[in-house]
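Below is one structure; the comments refer to it alone.
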Amino acid sequence: MPNVALIAGPVVDLASAASALAATGLQVVSAGNVFREHVQQQTPLGEEANGYMQAGHLVPDELMVGVVAEALANVDGGWVLYNFPRKIRQAELLMQSGHGPDTVIELVLTEDQLRLAVHRRVERRIELDPQQAERRQELLLMYTHSQENHQEQIEPLRAYYRTHGLLQTVSGFGDFEDVAARLIPIASDGQRYP
């Protein structure tokens, strides 16, 4: 089974996309969840990471990749890792660890789809907390701005994976079944990284 990394902007639901791939037998690994577990269980890695966070510092890439690589090493079969890596250094370290992806799938949106996704995200947030309604315009700008920042930050990582022949791009727009129908054939065709 292949090992797949999913990347996308902040308004694309990567957790649902990962769940779609789990239906093919891949085990879902969330870097965020792995970190939270280490911190909550106060493992040596968790304590070290927590020390950086408590001091207001970013967790070093080497430590982040070490934690993620350890989780991937414990997967029996193929995996789907989502929202990680986020930059080239993390991607390089993950490859060096022997736990790099065989396929990287980026879920993308057109400009019109992005506007619609941002509006949906804001309206969902307002449904959950009606007091947010007065901040509607501010939230729309915030999500749009975060997506624009993501595009700038992700381009070097995109180029890195493209250079290695691993990057696939699919539309991240639509409901769960639509996105799953696009992702599953690509993940199923993924080849083991040599």
Side-chain angles (χ1 to χ4, degrees), residues 1-35 61 64-65 68-69 71-72 75 78-121 142-194:
M1 296 187 87
N3 298 322
V4 179
L6 294 177
I7 58 175
V11 295
V12 175
D13 183 0
L14 280 177
S16 292
S19 297
L21 292 180
T24 68
L26 299 178
Q27 183 174 325
V28 176
V29 178
S30 159
N33 290 347
V34 169
F35 262 94
D61 291 334
M64 289 181 72
V65 172
V68 172
L72 297 176
V75 172
W79 45 256
V80 54
L81 174 66
Y82 69 92
N83 216 15
F84 191 89
R86 294 185 179 190
K87 52 188 181 177
I88 291 177
R89 180 70 180 141
Q90 294 169 349
E92 290 171 339
L93 290 168
L94 202 56
M95 288 293 194
Q96 291 167 15
S97 76
H99 299 289
D102 304 311
T103 302
V104 178
I105 304 174
E106 181 181 16
L107 284 82
V108 297
L109 300 174
T110 66
E111 287 297 318
D112 288 342
Q113 291 168 347
L114 173 59
R115 273 193 293 279
L116 186 56
V118 166
H119 278 275
R120 284 180 180 166
R121 177 69 59 95
M142 180 188 76
Y143 280 117
T144 302
H145 185 66
S146 66
Q147 183 70 28
E148 289 167 357
N149 283 345
H150 167 78
Q151 292 303 323
E152 289 175 24
Q153 293 168 355
I154 199 75
E155 184 50 44
L157 182 65
R158 209 183 268 135
Y160 172 83
Y161 280 129
R162 198 178 293 120
T163 299
H164 285 83
L166 300 178
L167 185 68
Q168 301 276 345
T169 304
V170 299
S171 171
F173 189 73
D175 60 22
F176 180 85
E177 290 78 15
D178 292 336
V179 175
R182 291 182 211 115
L183 287 175
I184 290 171
I186 294 171
S188 299
D189 289 345
Q191 300 298 314
R192 287 261 179 225
Y193 187 75

Shortest non-hydrogen contact from [X] toward [Y]:
X	Y	answer
Ala8	Asn83	O-OD1, 4.4 Å
Gly78	Val75	O-CG1, 3.6 Å
Leu72	His99	CD1-O, 3.6 Å
Leu81	Ala31	CD1-N, 4.3 Å
Met64	Phe35	CA-CZ, 3.3 Å

Inset, instruction - Assess whether atom CD of Glu111 is packed by more than 12 heavy atoms of other residues, nucleotides or ligands within 6.0 Å. - result: no

Legend entry - More than 12 heavy atoms from other groups under 6.0 Å of CZ on Arg86: no

Inset, instruction - Can you measure from CG (Leu166) to OH (Tyr160) and round to the nearest 0.5 angstrom? - result: 8.0 Å

Inset, instruction - Could you tell me the separation between the CD1 atom of Ile88 and the CG atom of Leu93, rounded to the nearest 0.5 Å? - result: 12.0 Å

Legend entry - Within-4.5 Å side-chain heavy-atom neighbours: Lys87 and Leu157: no

Inset, instruction - Find out whether Leu6 and Leu183 are in side-chain contact, i.e. whether some heavy atom of one side chain is under 4.5 Å from a heavy atom of the other. - result: yes

Inset, instruction - List for me each residue that meets ring-ring contact (aromatic ring centres under 6.0 Å, His included) alongside Tyr143, sequence neighbours excluded, and say none if there are none. - result: none

Using a 3.5 Å cut-off and no angle test, enumerate the donor-acceptor pairs between side-chain atoms of residues 168-177 and protein atoms at least two apart in sequence or in another chain.
unit_1	atom_1	unit_2	atom_2	d
Ser171	OG	Phe173	N	3.2
Asp175	OD1	Glu177	N	3.3
Asp175	OD1	Asp178	N	3.0

Inset, instruction - Mark yes or no for whether Asn3, through its side chain, and Asp102, through its backbone, hold a donor-acceptor pair below 3.5 Å. - result: no

Let me have the donor-acceptor pairs involving side chains of residues 16-29, under 3.5 Å, with sequence neighbours excluded, atom names and distances please.
unit_1	atom_1	unit_2	atom_2	d
Ser16	OG	Asp13	OD2	2.5
Ser19	OG	Ala15	O	3.0
Thr24	OG1	Leu21	O	2.6

